Amino acid sequence: MRALPIVAVLALGLFALSCGDSNTSGPDPEPDPVAGWLSVRLTTSNSDDGGIMFTVSGGQIDSIRSSYSELHTAAAGSTSRRVIVAGTLTPGGVIAEVLVPNVQSATNYSATVEQVAARDTYQQRPTSSVSVAVER
């Protein structure tokens, strides 16, 4: 008769193990960071923009590149970079790319136009006519 309590204890133990934490009730773990390039896209109502200065901020920035030959960058704080791009800027086109340690946090990054100028006259334009957006 001693076998019945032992079987009951074993059955209760197996049941308890099957109800253990299976990580289905908690949040999913964060995916591993993936370094990569985010695009900075220009939106403008002008057809002859020739230069733009903007600031990218929101997190660590490892590097900035552009297909335009005139690219200048400078740190504007620990998580910001000031960028100047000059040339025949294409409306709706990507004017720069930003290397970040985790492309999955792309929504943390933003860009703000500081100055924009016409191509041939270098005349300053209102920044309200131009915007830049950081996208994955």
Side-chain angles (χ1 to χ4, degrees):
M1 290 286 176
R2 199 169 150 94
L4 186 58
I6 292 174
V7 170
V9 168
L10 288 175
L12 185 60
L14 288 174
F15 177 74
L17 287 175
S18 70
C19 294
D21 185 15
S22 63
N23 274 340
T24 57
S25 62
D28 291 336
E30 291 290 323
D32 290 336
V34 177
W37 295 93
L38 302 177
S39 298
V40 179
R41 186 170 304 277
L42 171 69
T43 301
T44 180
S45 58
N46 308 313
S47 61
D48 64 341
D49 289 329
I52 186 168
M53 181 169 68
F54 59 93
T55 300
V56 177
S57 58
Q60 181 180 344
I61 298 171
D62 295 326
S63 184
I64 298 177
R65 68 183 181 189
S66 177
S67 61
Y68 292 94
S69 60
E70 290 291 325
L71 171 71
H72 305 280
T73 67
S78 62
T79 60
S80 298
R81 286 278 185 93
R82 182 166 286 132
V83 182
I84 297 173
V85 177
T88 304
L89 302 182
T90 305
V94 173
I95 58 172
E97 293 178 301
V98 180
L99 180 61
V100 299
N102 188 3
V103 294
Q104 296 159 347
S105 62
T107 56
N108 294 345
Y109 292 86
S110 63
T112 306
V113 176
E114 295 182 31
Q115 294 181 22
V116 63
R119 185 177 318 125
D120 294 327
T121 64
Y122 308 107
Q123 179 181 2
Q124 294 286 306
R125 296 211 162 120
T127 57
S128 60
S129 67
V130 178
S131 66
V132 286
V134 179
E135 56 190 36
R136 192 166 175 193

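Quick caveat: nothing in here was measured; it's all calculated off a predicted structure. Values below: every heavy atom of this structure, side chains too, minus hydrogens, waters and symmetry copies.
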*Rounded to the nearest 0.5 Å, how far apart are CG of L89 and OG of S47?*
11.5 Å

_I need the T44 OG1 to D49 CG distance, nearest 0.5 Å._
4.0 Å

*asked:* Checking D62 now: which residues fulfil side-chain hydrogen bond (donor to acceptor under 3.5 Å, both in side chains) with it, not counting sequence neighbours?
replied: Q60

_Please check this pair: side chain of S105 against backbone of N102, looking for a donor-acceptor N/O pair closer than 3.5 Å._
yes

_Tell me the closest heavy-atom pair linking A117 and Q124, and the distance in Å._
CB-NE2, 4.1 Å

*For the pair D48 and R125, evaluate side chain to side chain contact (heavy atoms under 4.5 Å, CB included) and give the outcome as yes or no after the intermediate values.*
CA-CA 11 Å; D48 64 341; R125 296 211 162 120; 2.5 Å; yes

_Are H72 and R82 packed together at the side-chain level, in the sense that at least one heavy-atom pair is separated by less than 4.5 angstrom?_
no

*If you take all heavy atoms of E114 and T127, which pair is closest and at what distance?*
O-CG2, 3.4 Å

*asked:* Restricting to non-hydrogen atoms, name the atom on P126 and the atom on V116 that form the minimum distance, rounded to 0.1 Å.
replied: O-CG1, 3.9 Å

*Quick one: does S39's side chain have a donor or acceptor within less than 3.5 Å of a partner on R41's backbone?*
no

*V132, L71: one ILVMFWY side-chain cluster at the under-4.5 Å cut-off?*
yes

*asked:* How close do I61 and T79 get, counting heavy atoms only, and between which atoms?
replied: CD1-O, 4.4 Å

*Minimum heavy-atom distance between I95 and S66, given as atom pair plus value*: O-OG, 2.6 Å

*Decide yes or no for F54 and V130: does some side-chain heavy atom of the first lie under 4.5 Å from some side-chain heavy atom of the second?*
no

*If we only count heavy atoms from C-beta on, is the I84 to E70 side-chain gap below 4.5 Å?*
no

*Find out if a path of hydrophobic residues (ILVMFWY) with successive side-chain heavy-atom gaps under 4.5 Å connects V85 to M53.*
no

*asked:* Can you give me the closest heavy-atom contact between V103 and A35, atom names plus distance?
replied: CG1-C, 4.2 Å

*Between L42 and I52, is any pair of side-chain heavy atoms under 4.5 Å apart?*
yes

*Pick out which of V56, V100, V94 makes a side-chain contact (heavy atoms from CB on, under 4.5 Å) with L38.*
V100

